[in-house]
Q: 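One structure is given below, represented as C-alpha coordinates, and several questions about it will come after.
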Amino acid sequence: MRTGVFVGSFNPFTIGHDSIVRRVLPLFDRLVIGVVGDNVHKPDMPPAIERMEAIRQLYSDEPRIEVKPYHGLAMDFAKAEGAQYIIKGVRSVSDFEYEQWQADFNRRLGGIETILLYTEPKLASVSSSALRELQHFGVDISPYLPKKDKQ
(Lines give C-alpha, C1' and ligand atoms only; values in the text may rest on other atoms or scores of the structure.)
Protein backbone atom coordinates (compact mmCIF):
# COMPACT_ATOMS: atom_id res chain seq x y z
CA MET A 1 0.00 0.00 0.00
CA ARG A 2 1.43 3.37 -1.01
CA THR A 3 1.08 5.75 1.93
CA GLY A 4 2.00 9.41 2.07
CA VAL A 5 1.82 11.97 4.85
CA PHE A 6 1.07 15.66 4.49
CA VAL A 7 2.04 17.49 7.67
CA GLY A 8 1.60 20.99 9.00
CA SER A 9 0.00 23.15 11.65
CA PHE A 10 -2.84 23.96 9.24
CA ASN A 11 -3.77 27.09 11.18
CA PRO A 12 -5.95 27.48 9.20
CA PHE A 13 -6.19 24.78 6.51
CA THR A 14 -6.33 26.83 3.30
CA ILE A 15 -7.38 26.39 -0.30
CA GLY A 16 -3.66 26.00 -1.00
CA HIS A 17 -3.45 23.00 1.35
CA ASP A 18 -6.60 21.58 -0.23
CA SER A 19 -5.04 21.95 -3.69
CA ILE A 20 -2.01 19.93 -2.59
CA VAL A 21 -4.20 17.18 -1.09
CA ARG A 22 -6.41 16.88 -4.17
CA ARG A 23 -3.46 16.88 -6.58
CA VAL A 24 -1.40 14.32 -4.66
CA LEU A 25 -4.22 11.94 -3.71
CA PRO A 26 -4.18 10.02 -7.03
CA LEU A 27 -0.61 8.94 -6.24
CA PHE A 28 -1.52 7.13 -3.01
CA ASP A 29 -3.71 4.38 -1.63
CA ARG A 30 -3.68 6.18 1.73
CA LEU A 31 -2.93 9.79 2.64
CA VAL A 32 -2.49 10.78 6.27
CA ILE A 33 -2.83 14.47 7.06
CA GLY A 34 -0.71 15.03 10.15
CA VAL A 35 -1.76 18.02 12.21
CA VAL A 36 0.88 19.45 14.53
CA GLY A 37 -0.31 18.94 18.09
CA ASP A 38 -0.84 21.76 20.53
CA ASN A 39 2.24 23.94 20.67
CA VAL A 40 3.20 25.86 23.81
CA HIS A 41 5.27 28.22 21.64
CA LYS A 42 2.11 29.28 19.79
CA PRO A 43 -0.47 29.66 22.56
CA ASP A 44 -2.94 31.44 20.26
CA MET A 45 -3.18 28.40 17.96
CA PRO A 46 -6.57 26.65 18.11
CA PRO A 47 -6.41 23.22 19.73
CA ALA A 48 -5.29 20.42 17.40
CA ILE A 49 -8.62 18.66 17.83
CA GLU A 50 -10.45 21.67 16.34
CA ARG A 51 -8.09 21.92 13.37
CA MET A 52 -8.29 18.16 12.81
CA GLU A 53 -12.09 18.09 12.94
CA ALA A 54 -12.40 20.81 10.29
CA ILE A 55 -10.10 18.83 7.96
CA ARG A 56 -11.93 15.55 8.69
CA GLN A 57 -15.25 17.14 7.77
CA LEU A 58 -13.79 18.47 4.53
CA TYR A 59 -12.68 14.99 3.42
CA SER A 60 -15.36 12.88 5.14
CA ASP A 61 -16.36 11.33 1.80
CA GLU A 62 -12.80 10.28 0.91
CA PRO A 63 -11.89 6.94 2.56
CA ARG A 64 -8.22 7.18 1.52
CA ILE A 65 -7.67 10.24 3.74
CA GLU A 66 -7.02 10.03 7.47
CA VAL A 67 -6.39 12.99 9.78
CA LYS A 68 -4.19 12.46 12.84
CA PRO A 69 -2.24 14.56 15.33
CA TYR A 70 1.51 14.39 15.39
CA HIS A 71 4.34 15.61 17.60
CA GLY A 72 8.05 15.60 16.89
CA LEU A 73 9.72 14.98 13.57
CA ALA A 74 7.70 14.49 10.39
CA MET A 75 9.92 11.55 9.39
CA ASP A 76 9.15 9.77 12.67
CA PHE A 77 5.43 10.35 12.14
CA ALA A 78 5.74 9.04 8.56
CA LYS A 79 7.56 5.90 9.75
CA ALA A 80 4.95 5.29 12.47
CA GLU A 81 2.22 5.52 9.80
CA GLY A 82 4.06 3.15 7.46
CA ALA A 83 4.45 5.95 4.93
CA GLN A 84 7.13 6.01 2.29
CA TYR A 85 6.66 9.68 1.38
CA ILE A 86 6.20 13.09 2.96
CA ILE A 87 4.31 15.59 0.79
CA LYS A 88 5.13 19.28 0.95
CA GLY A 89 3.84 22.29 -0.97
CA VAL A 90 6.27 24.86 -2.34
CA ARG A 91 5.26 28.47 -3.12
CA SER A 92 8.62 30.18 -3.55
CA VAL A 93 12.37 29.77 -3.81
CA SER A 94 12.70 30.26 -0.04
CA ASP A 95 10.12 27.47 0.53
CA PHE A 96 12.11 25.24 -1.83
CA GLU A 97 15.42 25.88 -0.06
CA TYR A 98 13.90 25.13 3.35
CA GLU A 99 12.17 21.97 2.11
CA GLN A 100 15.31 20.83 0.28
CA TRP A 101 17.41 20.50 3.44
CA GLN A 102 14.49 18.94 5.33
CA ALA A 103 14.02 16.41 2.53
CA ASP A 104 17.71 15.54 2.70
CA PHE A 105 17.52 14.80 6.44
CA ASN A 106 14.26 12.87 6.04
CA ARG A 107 15.90 10.65 3.42
CA ARG A 108 19.27 10.26 5.19
CA LEU A 109 18.01 9.76 8.73
CA GLY A 110 14.59 8.24 8.15
CA GLY A 111 14.66 6.64 4.72
CA ILE A 112 11.60 8.71 3.81
CA GLU A 113 11.37 10.45 0.44
CA THR A 114 9.81 13.89 0.05
CA ILE A 115 7.52 14.86 -2.80
CA LEU A 116 7.37 18.59 -3.49
CA LEU A 117 4.32 19.95 -5.27
CA TYR A 118 4.51 23.44 -6.65
CA THR A 119 1.66 25.73 -5.73
CA GLU A 120 -0.82 26.58 -8.42
CA PRO A 121 0.11 30.11 -9.57
CA LYS A 122 -3.27 31.55 -8.55
CA LEU A 123 -2.63 30.33 -4.97
CA ALA A 124 0.97 31.52 -4.58
CA SER A 125 0.05 34.29 -2.14
CA VAL A 126 -2.18 32.13 0.05
CA SER A 127 -0.55 31.24 3.36
CA SER A 128 -1.93 30.46 6.79
CA SER A 129 0.14 33.21 8.40
CA ALA A 130 -1.11 35.80 5.89
CA LEU A 131 -4.70 34.71 6.50
CA ARG A 132 -4.27 34.95 10.27
CA GLU A 133 -2.97 38.50 9.87
CA LEU A 134 -5.84 39.49 7.58
CA GLN A 135 -8.34 37.96 10.00
CA HIS A 136 -6.75 39.89 12.87
CA PHE A 137 -7.59 43.10 11.02
CA GLY A 138 -11.19 42.06 10.40
CA VAL A 139 -10.88 40.81 6.82
CA ASP A 140 -13.21 37.96 5.82
CA ILE A 141 -10.89 35.07 4.96
CA SER A 142 -13.63 32.60 4.00
CA PRO A 143 -12.78 32.83 0.26
CA TYR A 144 -9.40 31.30 1.13
CA LEU A 145 -10.78 28.37 3.13
CA PRO A 146 -11.82 25.20 1.30
CA LYS A 147 -15.47 24.20 1.13
CA LYS A 148 -16.71 20.64 1.09
CA ASP A 149 -17.72 19.62 -2.44
CA LYS A 150 -21.43 19.10 -2.90
CA GLN A 151 -21.86 15.78 -4.71
Side-chain angles (χ1 to χ4, degrees), residues 2-28 30-75 77-78 81 83-106 112-151:
R2 288 173 314 206
T3 300
V5 298
F6 180 42
V7 295
S9 60
F10 304 123
N11 179 28
F13 192 85
T14 71
I15 57 176
H17 296 129
D18 181 57
S19 170
I20 297 294
V21 168
R22 293 183 189 282
R23 290 166 47 216
V24 78
L25 190 57
L27 302 176
F28 296 101
R30 177 174 169 252
L31 180 65
V32 181
I33 299 175
V35 178
V36 172
D38 298 331
N39 187 333
V40 296
H41 301 293
K42 297 181 180 180
D44 59 338
M45 188 161 42
I49 193 73
E50 287 179 23
R51 291 175 282 133
M52 290 169 44
E53 188 53 35
I55 299 167
R56 280 189 185 120
Q57 287 178 14
L58 184 63
Y59 300 114
S60 63
D61 296 333
E62 179 47 73
R64 293 176 292 169
I65 295 177
E66 299 174 30
V67 182
K68 297 183 175 186
Y70 92 97
H71 303 274
L73 298 174
M75 70 177 153
F77 177 69
E81 290 299 323
Q84 300 83 20
Y85 304 94
I86 294 173
I87 295 92
K88 302 297 287 226
V90 177
R91 290 182 305 246
S92 64
V93 171
S94 60
D95 281 356
F96 176 80
E97 289 174 346
Y98 177 77
E99 297 301 344
Q100 183 180 24
W101 71 260
Q102 277 200 341
D104 187 44
F105 281 114
N106 290 337
I112 305 292
E113 287 293 337
T114 300
I115 296 175
L116 300 178
L117 258 66
Y118 293 104
T119 300
E120 294 179 76
K122 66 183 179 185
L123 301 176
S125 64
V126 177
S127 74
S128 293
S129 56
L131 294 185
R132 286 192 308 274
E133 185 170 349
L134 290 170
Q135 189 173 38
H136 173 78
F137 289 104
V139 175
D140 176 18
I141 64 168
S142 63
Y144 303 100
L145 305 177
K147 313 276 187 291
K148 186 170 177 70
D149 290 338
K150 305 286 190 251
Q151 297 178 359

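If you read the sequence from its start, that first residue is 1, and numbering goes on from there. A quick note: this is a predicted structure, and the numbers were derived from the prediction, not measured.
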Q: Just how far is it from atom NZ of Lys88 to atom OH of Tyr98, taken to the nearest 0.5 Å?
A: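 So the gap between those two atoms works out to 6.5 Å.
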Q: Hey, does Phe105 have a side-chain heavy atom less than 4.5 Å from the side chain of Leu73?
A: no
Q: Taking the side chain as C-beta and beyond, is there a heavy-atom pair between His17 and Ser128 under 4.5 Å?
A: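 Yes; the side chains approach each other to less than 4.5 Å.
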Q: More than 12 foreign heavy atoms under 6.0 Å from NZ of Lys122: is that the case here?
A: no
Q: Restricting to non-hydrogen atoms, name the atom on Pro69 and the atom on Met52 that form the minimum distance, rounded to 0.1 Å.
A: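 Closest heavy-atom pair between Pro69 and Met52: CD-CE, 3.4 Å.
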Q: Could you tell me the separation between the CD1 atom of Ile20 and the CD1 atom of Ile33, rounded to the nearest 0.5 Å?
A: 11.5 Å
Q: Mind checking whether Val90 and Leu117 have side chains closer than 4.5 Å, heavy atoms only?
A: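 Sidechains of Leu117 and Val90: no contact.
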Q: Less than 4.0 Å between a side-chain N and a carboxylate O, is that true for Lys148 and Asp61?
A: yes
Q: Examine distances only and state if a side-chain atom of Arg51 and a backbone atom of Phe13 form a donor-acceptor pair shorter than 3.5 Å.
A: no
Q: What distance do Thr14 atom OG1 and Leu131 atom CG have between them, rounded to the nearest 0.5 Å?
A: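 Rounded to the nearest 0.5 Å, the OG1-CG separation comes to 6.5 Å.
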Q: Between Ser142 and Asp140, is there a side-chain donor-acceptor contact under 3.5 Å, judged purely by atom types and distance?
A: yes
Q: Nearest 0.5 Å, what's the CD1-OH distance between Ile112 and Tyr85?
A: 10.0 Å
Q: Give a yes or no answer on whether the side chain of Thr119 reaches the backbone of Pro121 with a donor-acceptor pair at less than 3.5 Å.
A: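 Here the side-chain-to-backbone pair does not exist.
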Q: Under the salt bridge (charged side-chain N to carboxylate O under 4.0 Å, His left out) rule, collect the residues that match up with Asp104, sequence neighbours excluded.
A: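 If we apply the salt bridge (charged side-chain N to carboxylate O under 4.0 Å, His left out) test to Asp104, skipping adjacent residues, the hits are Arg107, Arg108.
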Q: Taking side chain as C-beta onward, heavy atoms only, is Val24 less than 4.5 Å from Phe6?
A: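 No, their side chains stay 4.5 Å or more apart.
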Q: Go through the structure and list residues passing salt bridge (charged side-chain N to carboxylate O under 4.0 Å, His left out) with Arg30, not counting sequence neighbours.
A: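 Once residues adjacent in sequence are excluded, the partners of Arg30 under the salt bridge (charged side-chain N to carboxylate O under 4.0 Å, His left out) criterion are Glu66, Glu81.
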Q: Near Tyr144 OH, under 6.0 Å, is it more than 12 heavy atoms from other residues, nucleotides or ligands?
A: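 Counting neighbours around OH of Tyr144, 12 or fewer heavy atoms of other residues, nucleotides or ligands fall under 6.0 Å, so no.
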Q: Starting from the C-alpha separation in whole Å, work towards a yes-or-no answer on side-chain contact (heavy atoms from CB on, under 4.5 Å) for Ser92 and Asp95.
A: CA-CA 5 Å; Ser92 64; Asp95 281 356; 3.6 Å; yes
Q: How long is the straight-line distance from CZ of Arg132 back to CE of Met45, given to the nearest 0.5 Å?
A: 8.5 Å
Q: Measuring from Leu58:CG to Leu145:CG, what's the distance to the nearest 0.5 Å?
A: 10.0 Å
Q: So, for Pro12 and Ile141, which heavy atoms are closest and what is the spacing to 0.1 Å?
A: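 The answer is CG-CD1, 4.4 Å.
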Q: For Val35 and Ser9, work out which heavy atoms get closest and say how close.
A: CG1-O, 4.1 Å
Q: Quick one: does Thr3's side chain get under 4.5 Å of Leu31's, heavy atoms only?
A: no
Q: Test side-chain contact (heavy atoms from CB on, under 4.5 Å) on Phe10 and Val36 and set out the steps.
A: CA-CA 8 Å; Phe10 304 123; Val36 172; over 6 Å; no
Q: Determine, step by step, whether Glu97 and Val93 satisfy the side-chain contact (heavy atoms from CB on, under 4.5 Å) criterion, reporting the C-alpha distance in whole Å, the side-chain angles of both residues, the deciding distance to 0.1 Å, and the verdict.
A: CA-CA 6 Å; Glu97 289 174 346; Val93 171; 3.9 Å; yes
Q: Here's a test for you: under side-chain contact (heavy atoms from CB on, under 4.5 Å), which of Ile86, Asn106, Leu116 qualifies with Glu99?
A: Leu116
Q: Between Arg56 and Val67 (side chain of the first, backbone of the second, donor and acceptor by atom type, cut-off under 3.5 Å), is there such a pair?
A: yes
Q: Starting from the C-alpha separation in whole Å, work towards a yes-or-no answer on side-chain contact (heavy atoms from CB on, under 4.5 Å) for Arg91 and Phe96.
A: CA-CA 8 Å; Arg91 290 182 305 246; Phe96 176 80; over 6 Å; no
Q: How would you list, by chain and number, every residue that makes a salt bridge (charged side-chain N to carboxylate O under 4.0 Å, His left out) with Arg64, sequence neighbours excluded?
A: Glu62
Q: At their closest point, which heavy atom of Ala74 faces which heavy atom of Val7, and how far apart are they?
A: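 Reported closest heavy-atom pair: CB-CG2, 3.9 Å.
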Q: Can you confirm whether more than 12 heavy atoms, excluding those of Tyr59, are under 6.0 Å from its OH atom?
A: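 Atom OH in Tyr59 is crowded, with more than 12 foreign heavy atoms closer than 6.0 Å.
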Q: So which heavy atom on Gly37 is nearest to which on Ala48, and how close?
A: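 Taking Gly37 first and Ala48 second, the nearest heavy atoms are CA-CB, 3.9 Å.
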